[in-house]
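Everything numeric in this text was worked out from a predicted model, so none of it was measured. Count residues from 1 along the sequence.
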Amino acid sequence: MPLYTVAGITVSMSPQYPLTQSRANPYRCENGVAQMTVVGAGDEYEEYAALASSFYEQLIGFDGFLLHASAVEYNGQAVAFSASSGTGKSTHSSFWCKELGAKIINDDKPALRRMDGVFYACGTPFSGKRPLSRNVCVPLKAIVFLTRAPQTSVRRLPPQEALFRLLSQTLRPQDAVLYERLLGLIEDLMRQVVFYEAGVPNDPACAYDVKKALGV
């Protein structure tokens, strides 16, 4: 079975359809021992979704979890913009890329993984509707929860509110042991990473205002 390196994990999977094959190709590796096996079934789109679910369900065992977000790399650090679908997280990250020279890590489902005590935002083949991801892991600086607003406003989130926002934008395991492990990861993440809420308009200039508020 072909091997891929995803979020620093050697993954065994055999996508049958071009959709996942093309997105997974940048993650191919020729040597190694599989640490995780992911499986999919169904038609092209069902396979893509099933492989993604299989990967993210097992990721918790590797000190990682999914965040529904668009993550970018800027000055060697990662910033993840999270929001409900249709709010504009991809649009805002595109402003960072076009205006500030940032680079996409993953446009929809980055993996957040703790490695050697540090949290990274990692690209995966599973990036939603668009093939916008890179096979990189970048130290995570901040997570920004976006809302729509007529003008830019940014505020730092207190821990309790940040926890609620995170849990609403990730997969919550049904297994009680795995859920406790997720909460432990998030607790550690909250000690390392700063969390914000940003109200942003559909205006490229807002990228500069958010960047300034984050101090990156």
Side-chain angles (χ1 to χ4, degrees), residues 6-9 11 35-36 38 49 52-74 76-85 87-90 92-93 96 104-128 133-134 136-147 154-200 210 213-216:
V6 183
I9 303 163
V11 177
Q35 299 169 278
M36 177 195 296
V38 300
S53 294
S54 181
F55 173 77
Y56 287 116
E57 286 168 2
Q58 296 179 70
L59 182 61
I60 187 71
F62 294 85
D63 283 349
F65 61 96
L66 167 151
L67 181 64
H68 183 217
S70 182
V72 301
E73 178 181 0
Y74 181 75
Q77 297 177 306
V79 179
F81 301 107
S82 184
S84 300
S85 296
T87 304
K89 62 185 184 299
S90 293
H92 188 74
S93 63
W96 275 61
I104 284 285
I105 298 171
N106 183 287
D107 193 45
D108 191 62
K109 295 179 178 68
L112 304 188
R113 189 176 175 216
R114 184 176 62 194
M115 294 182 281
D116 296 326
V118 176
F119 278 91
Y120 293 80
C122 303
T124 76
F126 314 109
S127 55
S133 72
R134 293 187 298 132
V136 297
C137 289
V138 181
L140 181 60
K141 169 69 175 180
I143 296 175
V144 183
F145 296 97
L146 297 176
T147 61
V154 182
R155 69 181 179 97
R156 188 161 178 173
L157 291 177
Q160 186 173 359
E161 189 172 351
L163 173 62
F164 174 79
R165 299 287 188 92
L166 272 174
L167 289 175
S168 71
Q169 297 296 338
T170 190
L171 294 175
R172 288 168 284 181
Q174 298 299 311
D175 182 89
V177 174
L178 292 179
Y179 190 71
E180 285 298 317
R181 186 163 183 170
L182 172 64
L183 291 178
L185 282 170
I186 290 176
E187 183 179 2
D188 193 15
L189 177 72
M190 293 172 68
R191 287 192 287 263
Q192 296 188 31
V193 174
V194 287
F195 295 82
Y196 298 88
E197 178 188 67
V200 292
V210 175
L214 269 55
V216 296

Item to check | Residues L214, K141; criterion side chain to side chain contact (heavy atoms under 4.5 Å, CB included); working and verdict | outcome: CA-CA 9 Å; L214 269 55; K141 169 69 175 180; over 6 Å; no
Checklist entry - Stepwise, does the side chain to side chain contact (heavy atoms under 4.5 Å, CB included) test hold for D108 with K89? => result CA-CA 9 Å; D108 191 62; K89 62 185 184 299; 3.7 Å; yes
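Checking side-chain atoms of S127 against main-chain N and O of D107 turns up no donor-acceptor pair under 3.5 Å. Distance alone, capped at 3.5 Å, is enough to place a donor-acceptor pair between the R113 side chain and the F62 backbone. Between the Q192 side chain and the G117 main chain, a donor and an acceptor come within less than 3.5 Å of each other. A donor-acceptor pair is defined here as one N or O able to donate and one able to accept, closer than 3.5 Å; no such pair exists between the side chain of D63 and the backbone of L185. Using a distance-only test at 3.5 Å, with no hydrogens or angles considered, no donor-acceptor pair links the side chain of Y120 to the main chain of G8. Side chain of R134 to main chain of G123: no donor-acceptor pair is present (N/O by atom type, distance under 3.5 Å, no hydrogens or angles).
Using a 4.5 Å cut-off on side-chain heavy atoms (C-beta onward), Q169 and S84 make contact. In this structure, E57 and V38 have side chains that are not in contact, with every pair of non-hydrogen atoms separated by 4.5 Å or more. Using a 4.5 Å heavy-atom cutoff, the side chains of V210 and W96 are in contact. Side-chain atoms of V72 and V138, non-hydrogen and from C-beta on, never get closer than 4.5 Å to each other. In this structure, I186 and M190 have side chains that are in contact, with non-hydrogen atoms separated by less than 4.5 Å. In this structure the side chain of D188 reaches within 4.5 angstrom of the side chain of F119, judged on heavy atoms. With contacts defined as side-chain heavy-atom distances shorter than 4.5 Å, the pair L157/I143 does not qualify. Between L171 and L182, every side-chain heavy-atom pair lies at or beyond the 4.5 Å cut-off.
More than 12 heavy atoms of other residues, nucleotides or ligands shown are found within 6.0 angstrom of CZ on R155.
One side chain, S93 or S70, offers a donor N or O that lies under 3.5 Å from an acceptor on the other.
For the atom pair H68 NE2 and T170 OG1, the distance stands at 11.0 Å (nearest 0.5 Å). The distance from atom CZ of F55 to atom CE of M36, rounded to the nearest 0.5 Å, is 5.0 Å.
Ring geometry, F195 versus F145: the interplanar angle falls under 30°, so the pair is classed parallel (tilted spans 30 to 60°).
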